[in-house]
Amino acid sequence: MSDTNVTVQVQGFGDVTVPVGADFVAVLAAAGRANDPAVLAVSVDGVTLDLTAAVAGPCRASFLTFEDEAGFEVFRHSTAHLLAHAVLRLFPEAQPTIGPVVEEGFYYDFAVRPITPEDLAAIEAEMAKIVAENHPVARLELSREDALKAFAANPFKVEMIQAFEEGSITAYRQGEFTDLCRGPHVPRTGMIKAVKLTKMAGAYWRGDQNNQQLQRIYGVSFPDAARLDAYLAAIEAAKERDHRKIGQEMDLFSFHDEGTGFPFWHGKGMTLRNTVVEYWREVHRNYGYNEILTPAILNMSLWQTSGHYDHYRKNMYVTTIDDVPHAVKPMNCPGGLLVYKSRMHSYKEFPLRVAELGAVHRHEMSGVLHGLFRVRSFTQDDAHIFCTPEQVEAAVVETIGLVFEMYKTFGFTEVAVELSTRPLQGSIGTDEMWQVAEAGLAAALTTKEIDFQLNPGDGAFYGPKIDFHVKDCMGRSWQCGTIQVDFSMPERFHATYEAEDGTRKVPVMIHRAILGSLERFIGILIENCAGKFPLWLNPTQVKVLPVGDKFADYAKQVTATLTAAGIRAEADLRNEKLGKKVRDAQMQHVNYQLVCGGREAENGTVSVRARNGEDLGPMAVADLVARLKDENARRVL
RNA sequence: GCUGGCGUAGCUCAAUCCGGUAGAGCACCUGAUUUGUAAUCAGGCGGUUGUGGGUUCGAUUCCCGUCGCCAGCUCCA
């Protein structure tokens with residue numbers, strides 16, 4: 001090999017030799033993929049670069065397409081530039097700020113007059129024009145001085161440039177549009193075949209409410225129209241499983257202007273909720289918990305003792321009783337501590353497991369409310385475990401087991417775990433307390449052989465925590481469970497126990513929730529199954545469908561038999577044809593439809609149709625009852 | 001809370017741009033039909049157009065306030 005050539009190891013192809021100073025377009029050609037339209041960028045020794053970057057020396061290169069995460073990001077980021085390019089053509093006075101790639105596509109923030117939905121269509125059309133013009137995208141390296149000059153009219157870019165290191169400042173130019181950017185980018189605007197601007201919103205410069213409000217435009221993009229269409233279809237499908245829509249259709253719950261953010265549970269919703277609670281109680285009994293219930297409104301002095309008055313007051317509802325300030329509880333722990341303190345405790349009782357399905361009220365900002373997911377009143381499946389410092393690890397190990405067991409029952413087998421440690425500021429307690437608590441949680445996770453992500457500084461102000469995120473069938477992640485070690489609350493309340501040596505000591509308190517909020521968890525359940533509940537959870541498990549009025553009595557009789565056996569059955573006695581009743585039962589996502597006609601009434605059977613449309617044929621009512629009871633008892637998913 | 005969009009019958013929507021006192025489907029009720037595995041037919045009931053004010057001869061429509069709903073407000077060139 002001579003000095004004038006350099007060898008590049010191309011992944012999936014082999015070695016390629018090109019002249020020194022050649023770019024990766026040449027490497028691509030040498031690898032037999034000249035002008036491959038799928039190639040967006042190149043990864044050189046792990047660093048993503050433009051295809052137009054020069055080969056600096058011997059290296060390993062792999063070409064990136066939309067299928068590679070890095071290639072995908074380049075593509076989306078280039079689309080953000082395309083968006084800014086189009087916006088500047090239509091609104092020359094607009095000042096572009098930043099335009100990153102996000103999970104759901106990309107966005108670009110502009111300082112510009114409010115953008116309307118009509119503008120969005122015009123911008124999309126302009127973007128299509130720029131794509132058709134197929135401008136090459138060129139990288140420019142700038143000195144700070146030149147960069148400041150080039151972007152002098154845009155205070156946001158100036159602010160950014162001032163923060164950058166000299167020598168690292170680059171910009172990209174396509175046609176008449178140049179944007180400050182780290183890159184890399186796709187080589188030509190023509191590669192961005194399918195774009196959809198999805199929504200627009202206000203956002204603050206650098207995410208700070210005190211800064212100027214900007215106009216944010218969101219979008220998605222794909223290398224071809226088919227993938228865009230598939231994406232849009234998936235969005236529509238997600239709307240169909242929105243728990244707010246299903247909650248209304250299935251008559252589970254409602255919201256009213258008279259109580260913003262406060263859910264009203266209907267009969268069907270309560271059945272679902274009670275089923276969840278029933279299971280919850282069963283498991284907690286098995287794990288040695290005892291259940292308590294503490295009041296909703298308590299004297300403000302309690303919240304002063306607990307520290308909520310100082311740390312959480314802005315989220316609390318306050319009231320006055322007999323001229324004395326009180327507050328509606330935002331958390332259950334202070335009440336739980338009063339119960340603990342109501343009598344003496346011995347180390348022999350530990351770990352003392354006390355659970356409470358406590359309804360808490362929190363004043364959340366109006367803008368964050370969202371169906372059952374974010375409400376102002378919800379029921380926590382709370383529990384507090386009182387123990388000695390030595391028992392923390394074992395108690396946490398046990399709780400982790402409980403968490404996984406419950407999630408599995410509801411069909412959530414993919415669970416992500418995070419350990420959050422002491423916040424840098426505003427935490428209470430000694431270094432030693434924190435070290436012991438953090439080590440205890442980490443050790444418990446290790447014992448259970450659970451992979452976890454460490455979030456340094458993300459703990460509560462009173463102690464470290466483990467958070468559990470369940471993944472639903474759409475791949476979305478929901479934080480539900482939490483285990484928090486707390487050394488300080490028992491101390492504030494002067495809670496004690498009598499130790500083995502006869503001295504009074506302060507117990508450790510472990511706060512934990514598994515479902516988190518019943519409301520939210522039920523919302524997750526609804527979206528996870530799109531309203532098609534497994535039998536054990538479904539508020540209406542069975543619909544009995546007489547084929548005509550003549551068989552109404554038989555249908556009633558079957559329904560009564562099922563109900564007596566603990567099966568949630570309803571008869572559809574409307575004067576409608578069978579097809580109509582089947583259709584309606586399907587739309588209500590009932591698990592089984594039992595058709596009753598002459599043949600069935602004569603033989604004491606029902607013809608069973610499953611929700612998936614399968615015809616299970618005629619079945620003796622007693623056999624069906626046995627089958628459903630079994631499916632129910634085993635909580636089949 | 002902030003920005004933008006939206007509030008019309010129990011539900012889904014039309015009429016709103018360009019002011020002339022609201023219309024359909026589903027649901028519900030009545031009748032006919034007596035039904036065999038995803039919608040039988042006909043008739044009927046149902047709305048001070050979220051709410052308060054303003055402009056106007058006249059406001060669902062235009063303007064202002066207010067309440068509620070929806071989306072976004074973490075991702076850093």
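Side chains are part of it too, since the values below use all heavy atoms of this structure and drop only hydrogens, waters and symmetry mates.
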Taking only side-chain nitrogens and oxygens of Arg244(A), does any of them come within less than 4.0 Å of OP1 or OP2 of rC70(B)?
-> yes

Neighbours of RNA chain B within residues 262-270 of chain A, by heavy-atom distance under 4.0 Å = none

With rounding to whole Å, what would you report as the distance between rC13(B) and rU30(B) at their P atoms?
-> 29 Å

Above 12 or not: heavy atoms from other molecules or residues under 6.0 Å from CD of Glu176(A)?
-> yes

Listed in order of residue number, which residues of residues 603-617 of chain A have a non-hydrogen atom at under 4.0 Å from RNA chain B?
-> Ser607(A), Arg609(A)

Please check if atom CZ in Arg227(A) has more than 12 non-hydrogen atoms from other residues, nucleotides or ligands closer than 6.0 Å.
-> yes

Just compare rA39(B), rG36(B), rG1(B) and give me whichever is closest to any side-chain atom of Tyr204(A).
-> rG1(B)

Ignoring hydrogens and angles, answer whether the base of rG36(B) and the side-chain atoms of Glu600(A) contain a donor-acceptor pair closer than 3.5 Å.
-> yes

Under 4.0 Å between a side-chain N or O of His370(A) and OP1 or OP2 of rA71(B)?
-> yes

Quick one: are the ring centres of His363(A) and Tyr317(A) less than 6.0 Å apart?
-> yes

Distance check: side-chain N/O of Lys239(A) vs OP1/OP2 of rC70(B), anything under 4.0 Å?
-> no

Counting N and O atoms only, with roles assigned by atom type, does the side chain of Asn154(A) sit under 3.5 Å from a partner on the main chain of Lys157(A), one being a donor and the other an acceptor?
-> yes

Given the C1' atoms of rC26(B) and rA9(B), what is the spacing between them in whole Å?
-> 12 Å

Give none if rG47(B) has no partner; otherwise give the nucleotide forming a Watson-Crick or G-U wobble pair with it, both distances under 3.5 Å.
-> none

Could you tell me the separation between the CG atom of Leu578(A) and the P atom of rU34(B), rounded to a whole number of Å?
-> 16 Å

Distances under 3.5 Å between nitrogen or oxygen atoms of protein and nucleotides 6-13 of chain B:
from, atom 1, to, atom 2, distance (Å)
rC11(B), O3', Gln248(A), OE1, 3.3

Under a 3.5 Å cut-off for both distances, is rU16(B) Watson-Crick or wobble paired, and to whom?
-> none

Regarding Arg216(A) and the six-membered ring of Tyr107(A), is the cationic atom NZ or CZ under 6.0 Å from the ring centre and inside 45° of its axis?
-> yes

